[in-house]
Amino acid sequence: MTKQKKFDVPGSGKVSSLLEIPAGATQLLVLAHGAGAGMEHPGMTALAEALHASGVATFRYQFPYMEKGSKRPDNPKVAVATVAAAVRAAVKSAPELEVFAGGRSFGGRMTTTASSLGEIEMVLGIVCFGFPLHPAKQPDNKRAAHLEKVGHPMLFLQGTRDDLSSPVKLKPVVKKNERIALHWLEGADHSYHVLKSSGRTDAEVLAEAARVTKDFCDLHGK
């Protein structure tokens, strides 16, 4: 089942969403896009398709800046309000499904931020497809400060070649936060692309990420 509709983000107007529920699904992932590509970008579509193949439904949506065609991401206040509104819209659209939330890069970080502020209490867990711990070539862990306040179990799916999440900086963050489950995607970069020399394909990386996501949802479902 596929449904396209718009929902309201308080103070920012309406944004688009795409609900897709594969046959037999019992779990729904509210899936936010990254900073540079919207919900219908090929990478987001491929991720959603991999999740569907694993039995997880998705509710993709736009942040207001992307809906307006801007390249500058919304400020955290607007982004958090969008995540919260998306979760409410997803719950209303598919009340029979167990709801999780997350997203790629910026979308995942804004989802954990929303959780740290108590804005998405109804979800059962958060999945981050490439948590952006720091800007490229500027390794630090300032973006992780809010994670200590996140009240949900989290899954980080990180590529071993991710230049926005240095393993040296990420491992200590995960070690001191028992709510984070970390899974390394061998050979993948921040966008989940792999080199031909790796012996793997991008599709195989997405399939692995989807399988681990499904296991996470099964573990933390009701």
Side-chain donor-acceptor pair present, Ser165, His190, cut-off under 3.5 Å: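 Distance-only check fails for Ser165 and His190.
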Thr26 and Glu98 side chains, donor-acceptor separation under 3.5 Å: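 Their side chains do not contain a donor-acceptor pair, so the 3.5 Å distance test is not met.
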Ring-ring centroid check Phe131 Phe129, cutoff 6.0 Å: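 Ring centres of Phe129 and Phe131 not closer than 6.0 Å.
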Spatial distance of atom OG (Ser17) from atom NZ (Lys3) [nearest 0.5 Å]: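 Reported to 0.5 Å precision, the distance equals 10.5 Å.
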Donor-acceptor contact below 3.5 Å, side chain [X] vs main chain [Y]:
X      : Y      : answer
Thr45  : His41  : yes
His152 : Val123 : yes
Arg179 : Gly151 : yes

Worked check of side-chain contact (heavy atoms from CB on, under 4.5 Å) between Ile126 and Ser115: CA-CA 9 Å; Ile126 296 172; Ser115 174; 3.5 Å; yes
Smallest separation among heavy atoms of Phe63 and Ala79, with atom names: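 Closest pair (atom of Phe63, atom of Ala79, distance): CE2-O, 3.6 Å.
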Sole candidate of Glu20, His33, Glu40 that passes side-chain hydrogen bond (donor to acceptor under 3.5 Å, both in side chains) when paired with Arg60: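 Result: among Glu20, His33, Glu40, Glu20 is the only option passing the side-chain hydrogen bond (donor to acceptor under 3.5 Å, both in side chains) with Arg60.
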Crowding at CD, Glu96 (>12 non-hydrogen neighbours, <6.0 Å):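 Yes, enclosed.
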Candidate list Asp74, Asn75, Thr113, test side-chain contact (heavy atoms from CB on, under 4.5 Å), partner Val80, passing option: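 Of Asp74, Asn75, Thr113, side-chain contact (heavy atoms from CB on, under 4.5 Å) with Val80 is met by Thr113 alone.
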Residues Asp218, Lys214: salt bridge by 4.0 Å N-O rule: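 Yes, this pair counts.
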